[in-house]
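Everything on this sheet refers to the single structure shown next.
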Amino acid sequence: MAQRPPAAESSILRASLQLYPGTAMADTLRRLANSEKCRVLQDKLDDWYKDYHINSCDSNLNVCCELLELNSKIQGQLFKILSVTAREGGQYAGVETLKSRFLPWLGTCFSASSPGSFSENSCSILNESMERKLSASHERELNEVESKLSSTRIELNSVRQELLETQMDLEDTKNKSANTLLATEEEILQLRAEVSRSRSPSPIRHSSRSSSPFPRSESPTCAKITNASRQARLISRFNDIFANDRLDAQTLLRRYIDDLEMVQRIIFIATVESFHAAKMAFRQFRLRVRKSLSPSHMGPESLEDTVIDYIVRNLDLYDVQSSVNEVISAMNVNPKISFPPDVDFILISAFIREVCRVAFAMQTLDPPLDIAFTVDGELFTESKYRRTYDSEHTAPLVYYHVWPALMENDNVIVKGEALTKRGALWSSVRSRSRSTSPVRSRSASPGRNLTSRSRSPSPRRSGTPRF
């Protein structure tokens, strides 16, 4: 709506006050002339003019709305005065002025359309504009979401494809590894067979296999597949026990026994008794497993192969502590060794435990590994033993053994160690005559000696199948 300048309206008000000082509108005009609205409107208009270019859009709109509000208040009072003044002039007074001044002014301020239609058209235009903006924004956001969704689907398909390829590669690798393992085990078995044949073919070995009451199956079990690798690992562990655990036990015993010969005899007898106890425990364990599996055994493997395979998979079920106790009990009544009364052979129980575990696991091999039969005063054999550094190298007899030889049937796998000395046979006899040693407070059996504990050769070595 067009407006007159505030200064002009103030002049008009003052002129009206001078023309009609006694009328009823004099007080209204006086209050309007003296009010601060016109001056505030002018001041705000001046300030807006100065700050228009530095204000933001929201600030300019707020100032404009504020000016319109002030102006509408002033115009409302002026229209009221105009109406009252026109009524005071009579029916025809002021008509020409209204026709020539007021109506043309109104014509320039309003359009020919009615206020209602203008409002409806404006609302419809605004609605259409907002709908177009919202539709465009919604469509743009929808396109972005669809684009992201499409990209995510492509990435998901790519990940699925990579996963399938990885699974195929994994299956291929597993198959290749299994084939390689089988081939490697077969090569190792073939090489070992060729080496045994090149060294000394043993008819006993073939006889023991052929006379086995349990038919062997062509289907390899876990024990058969891993036989060569387990044998290599156990041989390595046997060597480690000789090089490390044995020396640790020897150092521990030297704190209580000054005689090195007695210490080495104790360790050797502990090793022999450990193998004996482990073999006995293995036979009993195998019998229990065979009894448990026999009623439900079905399959291409023989019952014996199934039993050995179960034992290989469950070596942790071996009650090694019972074997350790048996070894210590046997050592307590052995007349070849003595120990101070204030300590016990349990001092080297850790060494005995490791030997028992290795000996028990060696019984699961095909063929099993065992230590050589020994007796004091036997003829020294270069292929079976090494001499200790303090041995008499020209002496033909073994005075005492330091470490047993490891055997596979009649073949030496790992050499033992022995001390040779002239007159070893007579020394052995004198040693047996001192079987009741006053150092030990435990009971000693005079009829029990190292020879009896070493036992006769295993029936397996004479061609009888193992059980």
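- When Q161, E165, Q167 are each tested for a side-chain contact (heavy atoms from CB on, under 4.5 Å) with L163, only one passes: Q167.
- Under the 4.0 Å criterion applied to side-chain N and carboxylate O atoms, R265 and D376 are assigned as salt-bridge partners.
- For the pair L419/Y389, no side-chain contact is recorded, criterion being any heavy-atom separation below 4.5 Å from C-beta on.
- Of the possible donor and acceptor atoms, none in the side chain of K336 sits under 3.5 Å from a partner among the backbone N and O of M262.
- Salt-bridge check for K148 with E144: failed, with every basic side-chain N at 4.0 Å or more from each acidic carboxylate O.
- Here N55 contributes atom CG and W48 contributes atom CH2; the two are 9.5 Å apart, rounded to the nearest 0.5 Å.
- Between the side chain of Q363 and the main chain of A359, a donor-acceptor pair closer than 3.5 Å is present.
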Audit row: L45, Y49, side chain to side chain contact (heavy atoms under 4.5 Å, CB included) steps and yes/no: CA-CA 6 Å; L45 187 61; Y49 175 74; 6.0 Å; no
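- Between the side chains of S322 and N325, no donor-acceptor pair of N or O atoms lies under 3.5 Å.
- Summarising the geometry, atom CG belonging to D305 is positioned 8.5 Å from atom NE2 belonging to H297; distances are rounded to the nearest 0.5 Å.
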Steps toward side chain to side chain contact (heavy atoms under 4.5 Å, CB included) verdict (H393, T420): CA-CA 7 Å; H393 292 274; T420 58; 5.9 Å; no
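- For the pair A372 and Y385, the tightest heavy-atom approach, listed with the atom from each and the gap, is CB-OH, 4.2 Å.
- A distance of 9.5 Å separates CD1 of I413 from CE of M362, quoted to the nearest 0.5 Å.
- Proximity of a side-chain donor or acceptor of S72 to a complementary backbone N or O of E69 within less than 3.5 Å is detected.
- In summary, the side chains of Y400 and Q264 do present a donor paired with an acceptor at a separation below 3.5 Å, with no hydrogens or angles considered.
- The pair R313-D309 meets the salt-bridge criterion, with a side-chain N (NZ, NE, NH1 or NH2) lying under 4.0 Å from an Asp/Glu carboxylate O.
- The cationic atom of R246 (NZ for Lys, CZ for Arg) lies less than 6.0 Å from the six-membered ring centre of F242 and within 45° of the ring axis.
- At least one side-chain heavy atom of L347 sits less than 4.5 Å from a side-chain heavy atom of L252.
- Two residues are said to be in side-chain contact when any heavy atoms from C-beta on lie closer than 4.5 Å; Y256 and P340 meet this criterion.
- Remark: the backbone N or O of M407 is not paired with any side-chain donor or acceptor of D370 at under 3.5 angstrom.
- Side chain of N409 to main chain of N411: no donor-acceptor pair is present (N/O by atom type, distance under 3.5 Å, no hydrogens or angles).
- Taking the side chain as every heavy atom from C-beta outward, T394 and R422 approach each other to under 4.5 Å.
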S150/S147 under side-chain hydrogen bond (donor to acceptor under 3.5 Å, both in side chains): CA gap, chis, key distance, verdict: CA-CA 5 Å; S150 177; S147 177; over 6 Å; no
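- Between S349 and I346 the shortest side-chain heavy-atom distance falls below 4.5 Å.
- The line from CZ of R230 to CG of L369 is 10.0 Å long, rounded to the nearest 0.5 Å.
- S338 approaches I257 most closely through the heavy-atom pair O-CD1, 4.0 Å.
- Below 30°, between 30° and 60°, or above 60°: for F360 and Y318 the angle between ring planes is below 30°, a parallel geometry.
- Ring pair F275/F238 is perpendicular by interplanar angle, where above 60° counts as perpendicular and below 30° as parallel.
- K384 contributes atom NZ, which lies 12.0 Å from atom CG of L406 (distance to the nearest 0.5 angstrom).
- A distance of 10.0 Å separates CG in L317 from CD1 in I311, rounded to the nearest 0.5 Å.
- Taking both residues in full, the closest heavy atoms of Y310 and N314 are given as O-ND2, 2.8 Å, listed atom of the first, atom of the second, then distance.
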Test side chain to side chain contact (heavy atoms under 4.5 Å, CB included) applied to V63 and Y52, step by step: CA-CA 10 Å; V63 173; Y52 180 80; over 6 Å; no
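- No more than 12 heavy atoms of other residues, nucleotides or ligands sit less than 6.0 Å from atom CG of D258.
- Between the side chains of E326 and H276, no donor-acceptor pair of N or O atoms lies under 3.5 Å.
- For the residue pair R353 / Q321, a side-chain donor-acceptor distance below 3.5 Å is found, with atom types taken as modelled.
- The backbone N or O of T388 sits less than 3.5 Å from a side-chain atom of S391, completing a donor-acceptor pair.
- Between R357 and the choices L234, V320, L315, the side-chain contact (heavy atoms from CB on, under 4.5 Å) rule is met once, by V320.
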Intermediate values then yes/no, side chain to side chain contact (heavy atoms under 4.5 Å, CB included), I348 and M331: CA-CA 12 Å; I348 58 172; M331 293 175 66; 4.3 Å; yes
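- With hydrogens and angles disregarded, a donor-acceptor distance shorter than 3.5 Å links the side chain of T271 to the backbone of I267.
- Of the charged side-chain nitrogens involved, none lies within less than 4.0 Å of a carboxylate oxygen, so that R387 and E392 do not count as a salt-bridged pair.
- The closest side-chain heavy-atom distance from F345 to I337 is below 4.5 Å.
- In terms of modelled atom types and a separation under 3.5 Å, the side chain of T251 and the main chain of L247 share a donor-acceptor contact.
- In this structure, R237 pairs ionically with D245, as a charged nitrogen and a carboxylate oxygen lie closer than 4.0 Å.
- Under a 3.5 Å cut-off, the side chain of T226 and the backbone N or O of S229 do not form any donor-acceptor pair.
- Closest approach of A270 to S274, counting heavy atoms only: O-OG, 2.6 Å.
- A donor-acceptor pair under 3.5 Å is formed between the side chain of N227 and the backbone N or O of D366.
- In this structure, R290 pairs ionically with E304, as a charged nitrogen and a carboxylate oxygen lie closer than 4.0 Å.
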